[in-house]
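Okay, structure first, notes after.
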Amino acid sequence: MARSFSNVQEEIGTLGASDKEALLQLLWEEMDRPSDPDVEAAWLDEVRRRGQQIDAGRAELIPADQVFRELEDTLKK
């Protein structure tokens, strides 16, 4: 049977600092995972594909400051 959230909160309060840190890291990693197991593989494929396009000179590279400037201009409208 799953514990209630309030029980978990109480238990967290009894942990030492290093255990709280480890728990925080575990929770962060859990939240950072893709919801679909195939998502990470798809992103890796996309990164490889884009890297190959850059290496082959088939991609237009735009400096980040230009992208952010254009984004800011768009958001101001």
Side-chain angles (χ1 to χ4, degrees):
M1 181 171 126
R3 290 181 232 158
S4 70
F5 184 72
S6 61
N7 287 348
V8 172
Q9 282 180 301
E10 288 176 24
E11 289 182 38
I12 291 170
T14 67
L15 296 175
S18 63
D19 285 339
K20 286 179 182 176
E21 184 179 345
L23 177 59
L24 181 60
Q25 181 67 36
L26 177 75
L27 289 171
W28 182 259
E29 290 171 2
E30 183 69 26
M31 295 298 297
D32 198 36
R33 283 191 193 147
S35 57
D36 180 341
D38 296 327
V39 169
E40 190 168 351
W43 273 114
L44 288 173
D45 289 344
E46 181 67 13
V47 168
R48 287 185 191 107
R49 184 184 68 77
R50 291 181 186 193
Q52 289 170 349
Q53 287 179 333
I54 291 169
D55 292 343
R58 295 189 318 260
E60 178 186 359
L61 303 179
I62 303 170
D65 60 334
Q66 180 183 340
V67 171
F68 291 127
R69 191 172 45 252
E70 291 174 8
L71 178 60
E72 186 176 333
D73 291 345
T74 301
L75 293 174
K76 286 180 182 178
K77 293 180 183 179

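If you read the sequence from its start, that first residue is 1, and numbering goes on from there. The figures that follow rest on heavy atoms only: side chains count, while hydrogens, waters and symmetry mates do not.
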Once side-chain contact (heavy atoms from CB on, under 4.5 Å) is applied, do any residues pair with [X], and if so which ones, sequence neighbours excluded?
{"X": "Asp36", "result": "Asp38, Val39"}
{"X": "Ile62", "result": "Glu60, Gln66, Val67"}
{"X": "Leu24", "result": "none"}

Mind checking side chain to side chain donor-acceptor pair (under 3.5 Å) for [X] and listing every partner two or more places apart, or none if nothing turns up?
{"X": "Glu72", "result": "Lys76"}
{"X": "Glu11", "result": "Arg3"}
{"X": "Asn7", "result": "Ser4"}

Open item on the list: Would you compute the distance between atom CH2 of Trp28 and atom CD of Gln25 and round it to the nearest 0.5 angstrom?
Closed with: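 Between Trp28 CH2 and Gln25 CD, I get 9.5 Å after rounding to 0.5 Å.
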Open item on the list: Strictly by salt bridge (charged side-chain N to carboxylate O under 4.0 Å, His left out), give each pair with a member in residues 17-32 just once, sequence neighbours left out.
Closed with: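 Found Glu30-Arg33.
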Task: Residue pairs passing the salt bridge (charged side-chain N to carboxylate O under 4.0 Å, His left out) test where at least one lies in residues 44-54, sequence neighbours excluded - done: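 Applying salt bridge (charged side-chain N to carboxylate O under 4.0 Å, His left out) to every pair that reaches into residues 44-54, excluding sequence neighbours, yields Asp45-Arg48, Glu46-Arg49, Glu46-Arg50.
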Taking transitive links into account, so neighbours of neighbours count too, which hydrophobic residues share a cluster with [X] at under 4.5 Å side-chain distance?
{"X": "Leu61", "value": "Ile54"}
{"X": "Leu71", "value": "Leu75"}
{"X": "Phe5", "value": "none"}

- [ ] Indicate, with yes or no, if Leu23 and Met31 share a hydrophobic cluster defined by side-chain heavy-atom contacts under 4.5 Å among Ile, Leu, Val, Met, Phe, Trp and Tyr.
- [x]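 Different clusters: Met31 never reaches Leu23 through Ile, Leu, Val, Met, Phe, Trp or Tyr contacts under 4.5 Å.
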